[in-house]
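Both counts, for ligands and for their atoms, begin at 1 and track the order of listing. The basis for the numbers below is simple: all heavy atoms, side chains too, and nothing from hydrogens, waters or symmetry mates. Just so we're clear, the structure is a prediction, and the values are computed from it rather than from any experiment.
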Amino acid sequence: MSDTELSSNHTAFMFMVDGSGHGLRNCPAMFFKIAILLSSLIISLTAADENVGFIYNGFRSENLSLHGIAKFTANGVLKLTNETQRQKGQAFYPNPIYFKTPTNGTVFSFSTTFVFGIQSQNRILSGHGMAFVIAPTLGLPFALPSQYLGLFNDSNNGNASNHLFAVELDSIENKEFNDINDNHVGIDINGLKSEISNSAGYHDNETGLFTSLLLAGGQRMQVWVEYNGEEKQINVTLAPFKSGKPSNPLLSLSRDLSPIFNKIMFVGFSSSTGSLLASHYVLGWSFKMNGQAEKLALSQLPKLPRIGPKPKSKFLTIGLPVIFVSLTLAAVSGVVYVIRRKRKFAEVLEDWELEYGPHRFKYKDLYFATKGFRETELLGSGGFGKVYRGVLPSAKLEIAVKRVSHESRQGIREFVAEIVSIGHMRHRNLVQLLGYCRRKGELLLVYDYMPNGSLDKYIYGQSNVTLNWRQRFSVIKGVALGLLYLHEEWEQVVIHRDVKASNVLLDGEFNGRLGDFGLSRLYDHGSDPQTTHIVGTLGYLAPEQTRTGKATKSSDVFAFGAFLLEVACGRRPIESRAATEDCMILVDWVFGFWSRGEILDARDPKLGTDYVAVELELVLKLGLICSNSVAAARPSLRQVVQYLEKDFPLPELSALGTSGGGLRFVHPDGFDDFVVSYPSSMSISASTSIVDSILSGGR
Ligand SMILES: Nc1ncnc2c1ncn2[C@@H]1O[C@H](COP(=O)(O)OP(=O)(O)O)[C@@H](O)[C@H]1O
Ligand SMILES: *[C@@H]1O[C@H](CO)[C@@H](O)[C@H](O)[C@H]1NC(C)=O
Ligand SMILES: *[C@@H]1O[C@H](CO)[C@@H](O)[C@H](O)[C@H]1NC(C)=O
Ligand SMILES: *[C@@H]1O[C@H](CO)[C@@H](O)[C@H](O)[C@H]1NC(C)=O
Ligand SMILES: *[C@@H]1O[C@H](CO)[C@@H](O)[C@H](O)[C@H]1NC(C)=O
Ligand SMILES: *[C@@H]1O[C@H](CO)[C@@H](O)[C@H](O)[C@H]1NC(C)=O
Ligand SMILES: *[C@@H]1O[C@H](CO)[C@@H](O)[C@H](O)[C@H]1NC(C)=O
Ligand SMILES: *[C@@H]1O[C@H](CO)[C@@H](O)[C@H](O)[C@H]1NC(C)=O
């Protein structure tokens with residue numbers, strides 16, 4: 001059959017040349033010449049065929065003869081089979097190859113090498129495998145798709161008339177063909193019972209150790225098939241991709257191929273699928289007759305297609321989940337951050353507050369102004385809460401933020417209204433209230449920052465700096481003016497309730513400024529009448545105030561009296577003396593000096609001799625007058641200011657006897673026990689059962 005093909009081929013060639021020499025037919029000499037030329041051409045052609053060689057580094061030129069379901073993929077891979085059951089695929093070099101000269105029956109030496117890959121859907125049971133084949137025909141149309149690798153059918157398998165040589169890369173153990181295992185390489189002649197076979201693998205060049213390779217492992221591998229026509233020996237070598245050719249072949253078979261081969265044969269690959277599916281690929285191929293096959297350009301070869309319907313890159317399998325997880329984490333933490341931030345900066349803002357807009361601060365702003373209410377920004381803590389220093393970045397304004405905790409919502413509305421109205425007050429002897437902020441259970445009051453702090457620091461000598469008499473007298477006058485403004489000059493009467501040295505703050509020029517005014521109202525408003533608290537500081541509380549719980553203008557005057565004595569004497573209104581375990585009531589103490597006619601000796605020793613005696617006496621005496629236990633006997637603040645301004649002379653102390661039986665000083669009843677056990681400067685909020693109702697303020 002192949003011989004007929006050969007002759008028909010030659011005939012065609014002759015005819016063609018004959019056709020080209022058409023115009024020269026009637027010249028016999030010429031015709032003879034051409035005949036010689038032709039025969040030499042034929043000889044040279046045959047000689048060329050003897051050394052035929054080709055190389056495919058990938059299959060982009062697509063000039064193989066394909067049979068069955070074999071096809072080329074877009075990236076230049078020869079795909080013999082796809083994942084379709086019971087199919088075969090074959091690919092042959094399209095031209096016939098002379099394996100013997102026409103005059104000589106021995107097969108030439110040849111050498112071929114190719115790179116293949118088998119991808120199996122089922123890692124345990126792969127498809128059948130594939131084969132390099134040298135066949136007498138272009139295509140094997142009678143072969144069965146199934147276990148015969150697309151080479152044979154069940155009637156011609158093993159029949160010597162097949163004239164077929166194959167190197168099988170078998171990935172199934174088929175007992176029918178005496179397969180040694182399910183991963184072997186074998187040399188097949190005319191049938192699938194291999195002449196020789198070996199487990200797939202290679203021998204290491206140096207050590208000679210055998211390393212197994214898995215044919216259907218989805219990896220690229222290289223095969224060399226070499227036949228020595230003189231020694232009549234076939235060597236088959238297998239190696240991992242790009243590792244070079246091992247010097248020891250995997251299979252070596254001594255066999256003369258001359259009786260098996262026809263003169264003209266076709267070379268190619270064959271594979272088939274049965275019920276088990278696998279894809280068989282050839283990626284590069286080189287063949288040479290009578291010589292060494294040209295080396296494949298391994299780096300140019302295409303890659304194996306990915307397994308599975310969708311290519312899954314590392315990005316998809318690892319990157320995407322990682323990205324997804326981190327995005328989810330980021331989103332969750334973002335949400336948590338936003339919620340936390342919202343909670344952190346949450347405020348209570350009710351409709352009725354909207355009119356106070358300009359007086360309301362954002363908690364966030366105060367938080368950042370005070371650096372998150374950091375301890376380093378803490379100015380001090382008083383009876384109502386901690387006070388922090390801060391800077392509003394927008395206005396570059398220094399502020400003091402007082403955090404007042406309040407549990408009850410009751411009365412907060414009135415209180416805020418009052419705070420806001422207080423915010424409208426402007427007086428150089430009052431600490432300016434700038435605004436407020438309301439949070440759950442907390443109220444923040446924002447004041448002007450007083451750089452020199454509170455007066456008590458200077459008087460009680462925690463700091464080495466003390467105030468001289470001139471400064472003290474001006475502070476006293478300032479505080480009196482501030483208090484007068486609250487009592488009489490503002491549109492409403494405001495009772496301070498907590499006049500004392502620690503509530504007097506000093507601004508940059510050491511002006512005395514009254515702070516904390518109106519704050520005590522928070523407790524009045526916020527508490528229910530059964531557990532009313534007296535707010536104020538022991539030693540500054542007027543006797544009638546401890547009885548009735550009611551703060552009045554004259555109870556403020558009483559506290560102012562204590563403040564005057566405090567500033568002049570440098571002593572607290574009530575001091576416990578450790579030595580005698582007795583306590584010293586400042587009013588009694590000063591009164592003692594007065595009755596002995598030496599009132600100036602009660603002065604603060606830190607003043608030294610640098611004082612104005614008239615003013616000092618005025619302040620001490622006024623302090624005593626304001627401390628009268630009879631409320632009605634105390635002067636009003638307007639009078640106090642007039643005395644201090646020396647507009648009116650101070651009434652003689654003894655002359656007071658007419659109204660309330662002389663100057664009387666009464667210790668706050670029932671508080672003697674407290675006095676010993678509490679620091680005198682401590683603010684108290686003592687629950688009093690005596691007080692029935694103090695809900696109405698001092699107005
Ligand atoms: N506006 C202000 N500027 C500077 N310091 C202030 C201001 N307000 C309060 N302070 C400081 O915070 C401390 C505590 O204040 P405060 O709560 O008013 O005390 P108290 O309740 O004892 O009167 C004060 O002693 C003072 O040093
Ligand atoms: C395949 O065909 C192309 C173009 O026809 C040609 O250049 C190439 O040499 C051919 N390859 C082989 C191996 O014959
Ligand atoms: C396999 O190839 C054949 C022929 O090209 C085609 O008809 C069939 O759909 C393919 N099957 C798969 C699973 O790709
Ligand atoms: C065939 O020819 C080759 C050289 O082409 C020679 O080496 C060989 O011995 C010949 N074989 C026979 C059987 O004539
Ligand atoms: C098997 O193949 C041969 C050709 O090699 C053919 O003549 C024969 O008919 C085929 N048998 C079957 C059962 O297909
Ligand atoms: C081999 O095949 C030929 C032709 O196809 C046939 O005549 C012969 O009987 C077969 N031999 C065997 C042993 O099957
Ligand atoms: C086959 O391999 C053996 C051992 O390496 C070597 O001696 C021999 O020349 C090889 N034959 C061919 C045809 O490559
Ligand atoms: C083995 O040795 C041969 C020649 O000795 C060499 O060409 C080849 O690259 C070597 N293979 C490996 C894997 O080192």
Inset, instruction - Give the atoms of ligand 7, by number and element, whose distance to some non-hydrogen atom of Ser247 is under 4.0 Å. - result: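 The list of qualifying atoms is 5 (O).
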Inset, instruction - Give the atoms of ligand 7, by number and element, whose distance to some non-hydrogen atom of Pro249 is under 4.0 Å. - result: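 Per the distance check, 2 (O), 4 (C), 5 (O).
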Nearest-neighbour protein heavy atom for [atom], which is reported as residue plus atom name and distance:
atom: atom 1 (C) of ligand 7; value: Asn235 ND2, 1.4 Å
atom: atom 9 (O) of ligand 3; value: Asn82 ND2, 4.7 Å
atom: atom 4 (C) of ligand 6; value: Ser161 OG, 4.0 Å
atom: atom 5 (O) of ligand 3; value: Lys71 CD, 4.3 Å

Inset, instruction - Mind running side chain to side chain donor-acceptor pair (under 3.5 Å) on Ser252 and Gln233 for me, showing each step along the way? - result: CA-CA 7 Å; Ser252 191; Gln233 189 186 41; 3.1 Å; yes
Inset, instruction - Tell me whether the guanidinium CZ or amine NZ of Arg60 lies under 6.0 angstrom from the six-membered ring centre of Phe72 and within 45° of its axis. - result: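 Judged by the rule, Arg60 and Phe72 form no cation-pi pair.
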Legend entry - Phe132 and Phe116, any side-chain heavy atoms less than 4.5 Å apart: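 A side-chain contact under 4.5 Å is absent here.
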Inset, instruction - For atom 2 (O) of ligand 6, state which one of Asn157, Asn159, Asn162, Asn156 supplies the nearest heavy atom. - result: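 Of the listed residues, Asn159 has the closest heavy atom.
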Inset, instruction - Report the residue from Lys88, His280, His128 that forms a side chain to side chain donor-acceptor pair (under 3.5 Å) with Thr81. - result: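 Among Lys88, His280, His128, the one meeting side chain to side chain donor-acceptor pair (under 3.5 Å) with Thr81 is His280.
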Legend entry - Check: Asn183 main-chain N/O paired with Ser171 side-chain donor or acceptor under 3.5 Å: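 Looks like no, no N/O pair under 3.5 Å.
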Legend entry - Exercise check, heavy-atom protein proximity under 4.0 Å to atom 7 (O) of ligand 3: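 When distances to the protein are checked, atom 7 (O) of ligand 3 has no heavy atom within 4.0 Å.
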Inset, instruction - Decide, yes or no, whether a salt bridge links Lys288 with Glu226 under the criterion of side-chain N to carboxylate O below 4.0 Å. - result: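 No salt bridge links Lys288 with Glu226.
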Legend entry - Glu173/Lys175 ion pair, N-O < 4.0 Å: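 Salt bridge flag = yes for Lys175 with Glu173.
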Legend entry - Polar proximity ligand 6 side, Ser155 side, N/O cut 3.5 Å exclusive: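 The answer is no, given that Ser155 and ligand 6 share no N or O pair closer than 3.5 Å.
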Inset, instruction - Check the angle between the aromatic planes of Phe165 and Phe261 and answer parallel, tilted or perpendicular using the 30° and 60° thresholds. - result: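 Plane angle over 60°, so perpendicular.
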Inset, instruction - Of the side chain and backbone of Asn228, name the one, both, or neither that has a heavy atom under 4.0 Å from an atom of ligand 7. - result: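 Asn228 to ligand 7: contacts from backbone and side chain alike.
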Legend entry - Any N/O pair Glu231/ligand 7 closer than 3.5 Å: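 Looking only at distances, the answer is no, because the N/O contact criterion of under 3.5 Å is not met.
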